[in-house]
> 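Take a look at the following structure, please.
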Amino acid sequence: MNPNDIVGKSYVFDDGNSIKITQIKIRDGNIPWVTYETQSGPGIPRRYVMTLHEFNGHYGHLFGLNSDDIPGEQ
């Protein structure tokens, strides 16, 4: 799977909270960074940015990412 395939996808947890990927950009040379939003209930979404490598460690399983999908990560 190409990491850009997850842009625009969201995951809703059992309690109604959600996470949505808004973009993946290459920065700092050749490092992909993920911009994502989390929302708790009816609250205002919070936006975060982290490297794709770090995102995969925290949330990759929710979107079907593998280490094989991430450039430079094996």
> Any side-chain heavy atom of Asp28 within less than 4.5 Å of one from Thr51?
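In short, these two side chains do not touch, never coming nearer than 4.5 Å.
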
> Which heavy atom of Pro32 sits nearest a heavy atom of Asn30, and at what distance?
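Nearest pair, atom of Pro32 first, then Asn30: CD-O, 3.6 Å.
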
> Less than 4.5 Å apart, any side-chain heavy atom of Ile24 and any of Ile6?
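A side-chain contact under 4.5 Å exists here.
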
> Do Tyr59 and Val12 sit in one hydrophobic cluster, given that two such residues count as connected whenever their side-chain heavy atoms are within less than 4.5 Å of each other, even indirectly?
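As far as the 4.5 Å side-chain criterion goes, Val12 and Tyr59 are not connected within one cluster.
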
> Hey, does Trp33 have a side-chain heavy atom less than 4.5 Å from the side chain of Thr35?
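No, too far: nothing below the 4.5 Å cut-off.
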
> Which donor-acceptor pairs under 3.5 Å do the side chains of residues 40-50 make with protein atoms, sequence neighbours left out?
unit_1: Arg46; atom_1: NE; unit_2: Tyr48; atom_2: OH; d: 3.4
unit_1: Arg47; atom_1: NE; unit_2: Glu37; atom_2: OE2; d: 3.3
unit_1: Arg47; atom_1: NH2; unit_2: Glu37; atom_2: OE2; d: 2.5

> Could you state the interatomic distance from CD1 (Ile19) to CD (Gln39), rounded to the nearest 0.5 Å?
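If I round to the nearest 0.5 Å, the distance is 12.0 Å.
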
> Same cluster or not: Phe13 versus Leu65, using hydrophobic residues (I, L, V, M, F, W, Y) connected whenever any side-chain heavy atoms lie under 4.5 Å apart?
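Looking at the clustering, Leu65 is in the same group as Phe13.
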
> Return the CG to NZ distance between Asn4 and Lys25, rounded to the nearest 0.5 Å.
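One gets 12.5 Å once the value is rounded to the nearest 0.5 Å.
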
> Starting at OH of Tyr11, measure out to CD1 of Ile21 and round the result to the nearest 0.5 Å.
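One gets 12.5 Å once the value is rounded to the nearest 0.5 Å.
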
